[in-house]
**Student:** 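Structure below; questions to follow.
Not measured: the values here are computed from a predicted model. All values below come from the heavy atoms of this structure, side chains included, with hydrogens, waters and symmetry mates left out.
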Amino acid sequence: MGKDVEELKRRLPLLEYLRQHNWTGHPASRSEFVGLCPLHQETRPSFYVNTRKNVFYCHGCGQGGDLIRFIQLSGGLSFRQSIACIEAQTIASTLPGDESAAVLEHTAVFYQQQLDNSSEAMRYLIRRGLHDPALIRELRIGYAAGGSLRHHLTAQGHSFDLLRQTGLLNPRGYDAFYQRIVFPLSQNGHLVNLYGRSMGAAFAHRFLRGSKGGLYAWEKVRNCPEVILVEGLFDYAALRQAGFHNVACALGTHLNADQFRQLCEGPHTVYLAFDVDANQSGQQAAEQLAHRLGTHGVSTRRVLLPPGHDPNSFFVEGGDARQFHSLLQAAQP
């Protein structure tokens, strides 16, 4: 395990990772760079990256460590979740584009069929406030019941090795998305990944290995003068169902380089409707993102949902479109 971890960190140096996430550092010595800390708000640079040791230390907040520790702190992740995050970013796909796209497409169609046959999964969607059949079809939401994906895809002509390479099957050959609601992720009209949302606490939410692509639904909103950005796909679905069509989803609180670039493309006002959770991670991420976007000339507003709520729970617990409009009007710069 130790050797594997060191190899991962070697393949993705800390400075390279930070630059991919739009951190700007200036040389402080032959092997050190310094810039504003991405872990807390500050005006004087105190965040140092030592490229020889591949570690960081912030003199402002006192946090330090390697790439894994940084991802743990910035994303609120466990050690193993941070390892998975690095693996996903460093695995270069070895599959031909057409073959990879075809297996993802066949998988997405299969999961849609599974959803139609699962009353349990449909009840879960209703509990999460998603009840519009037309929207469910538009978003191509599916359900991974588990147990039959391998047989279905091999019958379609896909090899077992291909299914393992894509991550659709776990090392034992079983469906990696077992008992999860599945959202296909597209970019430029092509499927690039799948996201599995666990229906209970027993399984973690997960993406397939590789890139999650850009902002979810960006192609639909890229020319809108105002864009509502949310963390999660159920947040996105709830707002779409309530009649808001200028919505995009970051698929988490921390944007990759492509997602950040997309927000900087045009003269948008970005409304950040992130979670208002007890540990304040959603709002802290919104503040940091607002600051970063502001330095690139993008206007932002932070939508202050009631404590303990995200956009999805806001509507599930009785909120309506008029009330959410009021929250947008009261959003803070």
Side-chain angles (χ1 to χ4, degrees), residues 1-94 167 192-193 206-215 250-265 279 281 284-298:
M1 180 68 177
K3 290 182 180 179
D4 292 341
V5 169
E6 292 305 315
E7 172 63 15
L8 272 179
K9 291 191 290 186
R10 185 190 65 77
R11 285 160 54 191
L12 183 60
L14 174 61
L15 182 61
E16 180 181 336
Y17 176 89
L18 291 168
R19 284 174 168 169
Q20 288 175 0
H21 290 76
N22 301 289
W23 183 74
T24 301
H26 304 285
S29 67
R30 292 183 62 183
S31 61
E32 280 194 323
F33 288 77
V34 62
L36 295 175
C37 180
L39 300 174
H40 78 287
Q41 293 288 334
E42 64 177 7
T43 55
R44 295 186 60 185
S46 62
F47 184 87
Y48 285 79
V49 177
N50 187 306
T51 57
R52 182 173 58 85
K53 297 180 180 179
N54 206 21
V55 296
F56 73 93
Y57 183 77
C58 177
H59 293 275
C61 63
Q63 297 288 355
D66 59 10
L67 173 63
I68 298 172
R69 180 60 179 160
F70 179 82
I71 294 175
Q72 284 183 272
L73 292 170
S74 62
L77 303 177
S78 69
F79 178 82
R80 290 192 177 276
Q81 288 171 327
S82 299
I83 293 292
C85 177
I86 298 171
E87 288 177 334
Q89 192 153 337
T90 57
I91 291 174
S93 175
T94 59
V192 295
N193 210 319
R206 66 181 305 167
F207 296 93
L208 292 180
R209 61 183 56 157
S211 172
K212 64 183 179 182
L215 295 168
L251 304 165
T253 56
H254 296 278
L255 278 64
N256 61 32
D258 286 342
Q259 292 173 326
F260 188 80
R261 175 186 52 77
Q262 286 173 326
L263 288 180
C264 296
E265 279 180 352
N279 63 10
S281 60
Q284 289 172 4
E287 289 179 13
Q288 292 173 1
L289 180 56
H291 176 73
R292 288 173 58 202
L293 289 171
T295 63
H296 287 74
V298 180

**Student:** Hey, could you give me the CG/CD distance between Leu77 and Gln72, rounded to the nearest 0.5 Å?
**Tutor:**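 Rounded to the nearest 0.5 Å, the CG-CD separation comes to 7.5 Å.
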
**Student:** Keeping to residues at least two apart or across chains, list the side-chain hydrogen bond (donor to acceptor under 3.5 Å, both in side chains) pairs with something in residues 287-296.
**Tutor:** none

**Student:** Not counting sequence neighbours, which residues clear side chain to side chain contact (heavy atoms under 4.5 Å, CB included) with Asn193? List them please.
**Tutor:** Leu185, Phe207, Leu208

**Student:** Filter on ring-ring contact (aromatic ring centres under 6.0 Å, His included), then keep only pairs touching residues 50-69, sequence neighbours left out; what's left?
**Tutor:** Phe47-Phe56, Tyr48-His59, Phe56-Phe70, Tyr57-His59

**Student:** Give me each pair satisfying salt bridge (Lys or Arg N to Asp or Glu O under 4.0 Å) with a member in residues 251-261, each pair once, sequence neighbours excluded.
**Tutor:**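 For residues 251-261: Asp258-Arg261, Arg261-Glu265.
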
**Student:** So, using side chain to side chain contact (heavy atoms under 4.5 Å, CB included) as the criterion, who are the partners of Ser78 when residues are at least two apart?
**Tutor:**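 Testing Ser78 for side chain to side chain contact (heavy atoms under 4.5 Å, CB included), a comparison that skips the adjacent residues, returns Arg80, Gln81.
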
**Student:** Please name all residues satisfying side chain to side chain contact (heavy atoms under 4.5 Å, CB included) with Gln259, sequence neighbours left out, ordered by chain then number.
**Tutor:**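 For Gln259 the side chain to side chain contact (heavy atoms under 4.5 Å, CB included) partners, ignoring immediate neighbours, are Lys212, Leu215, Leu251, Leu255, Asn256, Gln262.
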
**Student:** Kindly indicate whether the side chain of Pro13, heavy atoms from C-beta on, has any atom under 4.5 Å from the side chain of Thr51.
**Tutor:** no

**Student:** According to salt bridge (Lys or Arg N to Asp or Glu O under 4.0 Å), does anything in residues 35-44 pair up with another residue at least two apart or in another chain? List the pairs.
**Tutor:** none

**Student:** With sequence neighbours excluded, what pairs up with Phe33 under the ring-ring contact (aromatic ring centres under 6.0 Å, His included) test?
**Tutor:**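 Checked Phe33 against ring-ring contact (aromatic ring centres under 6.0 Å, His included); zero matches.
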
**Student:** Identify the two heavy atoms, one from Leu14 and one from Val55, that lie closest to each other, and give their separation to 0.1 Å.
**Tutor:** CD2-C, 3.5 Å

**Student:** Cys264 and Leu293: which non-hydrogen atoms are nearest, and at how many Å?
**Tutor:** SG-CD2, 4.0 Å

**Student:** Do the non-hydrogen side-chain atoms of Leu67 and Asn54 ever get within less than 4.5 Å of each other?
**Tutor:**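 Side-chain contact under 4.5 Å: no.
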
**Student:** Just verifying a value: how many Å separate Ser74 OG and His40 NE2, rounded to the nearest 0.5 Å?
**Tutor:**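 It is 14.5 Å, given to the nearest 0.5 Å.
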
**Student:** Just so I know, are the side chains of Cys37 and Cys61 near enough to count as touching, which here means a heavy-atom distance under 4.5 Å?
**Tutor:** yes

**Student:** According to side-chain hydrogen bond (donor to acceptor under 3.5 Å, both in side chains), does anything in residues 30-39 pair up with another residue at least two apart or in another chain? List the pairs.
**Tutor:** none

**Student:** Among residues two or more places apart or on two chains, list those pairs meeting salt bridge (Lys or Arg N to Asp or Glu O under 4.0 Å) that have a residue in residues 50-73.
**Tutor:**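 Listed by first then second residue: Lys9-Asp66.
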
**Student:** With sequence neighbours excluded, tell me which residues meet side chain to side chain contact (heavy atoms under 4.5 Å, CB included) with Ser281.
**Tutor:**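 Residues passing side chain to side chain contact (heavy atoms under 4.5 Å, CB included) with Ser281: Asp277, Asn279.
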
**Student:** Quick one: does Trp23's side chain have a donor or acceptor within less than 3.5 Å of a partner on Leu36's backbone?
**Tutor:** yes

**Student:** Looking at every non-hydrogen atom in both residues, tell me the closest pair between Leu18 and Pro38 and how far apart they are.
**Tutor:**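 Of all heavy-atom pairs spanning Leu18 and Pro38, the closest is CD2-CG, 4.5 Å.
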
**Student:** Measuring from atom CG of Leu289 to atom CG of Leu263, what distance do you get when rounded to the nearest 0.5 angstrom?
**Tutor:** 6.5 Å

**Student:** Which heavy atom of Val34 sits nearest a heavy atom of Ala28, and at what distance?
**Tutor:**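 Taking Val34 first and Ala28 second, the nearest heavy atoms are CG1-CB, 4.0 Å.
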
**Student:** Heavy atoms only: give me the nearest Val192-Gly213 pair and the separation to one decimal.
**Tutor:** CG2-CA, 4.2 Å

